[in-house]
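As the structure is a prediction and not an experimental result, all values here were calculated from the model. FYI, side chains are in, hydrogens and waters are out, and symmetry mates aren't considered; it's all heavy atoms of this structure.
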Amino acid sequence: MKVSFVHEALRAATAPQHQRLEVEADLEARLRDTARRGDAVAGLLQFHREADAVAAAFRPVLDAADVRPGERVAALERAVATLGGSTSNTPVADPPGDLSAVLGWLYVSEGSALGGRVMRKAMRRDGLDLTGLDFLDPPDVGVGPRWIGFLAFLEAAVADGRAIPSDVVAAAGVAFDRARAALVPLSTVSRAA
């Protein structure tokens, strides 16, 4: 897949936050461990609910482009219920008023879906119990084609002036911070401070 200038700028600008999130959240290890899986999935649900709330005002535009972030929320709610956790709503930030911010958030949430697919494949290969992990690679959602479609929409929105690259990057940074708040266990945050 050819990487667009917008995708490359996002990847480069958010690389430190992405790396920090991967290290501190230790998500794959927590999902592999059935004792820690429920908390990890609940954190993912919290983040994706917030991403979905951010995207809500732009649902018609996103639906027309076949970008549907809310589908992951429903799958995560089922996963939390399967794992015996609470699916109660947590407060989310007020949604932004422009498409640039929404696209920055979706860069992080849609990228998370792509990463989940890789994790599930590795866990399946290792013969692990996958209870509650169907959301990582749902059979009815083409995660790879969906990511490619999102990137095409992002690039088109920037090209036609509906989105401003620097604003998309800034919003992606906010989304990574929110993902960190939802996914990193408090004990890890305390040690890092």
Report task. Kindly write out the residues that satisfy salt bridge (charged side-chain N to carboxylate O under 4.0 Å, His left out) with Arg162, not counting sequence neighbours, or none if the list is empty. Result ->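 Counting only residues at least two positions away or on another chain, Arg162 forms a salt bridge (charged side-chain N to carboxylate O under 4.0 Å, His left out) with Asp160.
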Requested in this report: For Leu62 and Val102, run side-chain contact (heavy atoms from CB on, under 4.5 Å): C-alpha distance rounded to whole Å, both residues' side-chain angles, the deciding distance at 0.1 Å, then the answer.
Outcome: CA-CA 10 Å; Leu62 297 172; Val102 171; 4.1 Å; yes
Going by the rule side chain to side chain donor-acceptor pair (under 3.5 Å), which residues pair with [X] if we only count those two or more places apart in sequence or in a different chain?
X: Arg78; answer: none
X: Thr34; answer: none
X: Ser112; answer: His48, Arg72

Query raised in the report: Given Lys121 and Arg125, is the side-chain contact (heavy atoms from CB on, under 4.5 Å) satisfied, shown in steps?
Result: CA-CA 6 Å; Lys121 225 180 249 191; Arg125 183 192 63 237; 6.0 Å; no
Is there a side-chain contact between [X] and [Y], using heavy atoms and a 4.5 Å cut-off?
X: Arg178; Y: Val108; answer: no
X: Phe153; Y: Leu106; answer: no
X: His7; Y: Glu155; answer: no

Report task. Return yes if some donor-acceptor pair links the side-chain N/O of Ser100 with the main-chain N/O of Ile164 below 3.5 Å, else return no. Result ->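 Checked: pair present.
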What closest approach, in Å, do [X] and [Y] show between heavy atoms, and which atom pair accounts for it?
X: Ala40; Y: Leu27; result: CB-CD1, 3.8 Å
X: Leu83; Y: Thr131; result: CD2-O, 3.7 Å
X: Phe47; Y: Ala175; result: CE1-O, 3.4 Å
X: Ala163; Y: Leu103; result: CB-CD1, 3.7 Å

Identify, with sequence neighbours excluded, every residue that meets side-chain contact (heavy atoms from CB on, under 4.5 Å) alongside [X].
X: Ala171; result: Ala101, Trp105
X: Val118; result: none
X: Thr14; result: Gln17, Tyr107, Ala172, Phe176
X: Val169; result: Leu10, Ala13

If you measure from [atom1] on [X] to [atom2] on [Y], what distance do you get to the nearest 0.5 Å?
X: Gln46; Y: Leu183; atom1: CD; atom2: CG; answer: 8.0 Å
X: Asp134; Y: Thr82; atom1: CG; atom2: OG1; answer: 7.5 Å
X: Phe58; Y: Asp63; atom1: CZ; atom2: CG; answer: 13.0 Å

Query raised in the report: What pairs meet the salt bridge (charged side-chain N to carboxylate O under 4.0 Å, His left out) rule with one or both residues in residues 32-47, with sequence neighbours excluded?
Result: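 Passing the test, one end in residues 32-47: Glu28-Arg32, Arg32-Asp126, Asp33-Arg36.
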Query - Passing candidate, side chain to side chain contact (heavy atoms under 4.5 Å, CB included) with Arg120, options Leu133, Leu128, Leu31 - result: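 Only one of Leu133, Leu128, Leu31 forms a side chain to side chain contact (heavy atoms under 4.5 Å, CB included) with Arg120, namely Leu133.
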Report task. Applying side-chain contact (heavy atoms from CB on, under 4.5 Å), run through Leu45 and Phe135 and close with a yes or a no. Result -> CA-CA 10 Å; Leu45 174 58; Phe135 70 91; over 6 Å; no
Report task. List the steps, then state whether side-chain contact (heavy atoms from CB on, under 4.5 Å) holds for Arg49 with Leu76. Result -> CA-CA 9 Å; Arg49 276 186 174 153; Leu76 281 160; over 6 Å; no
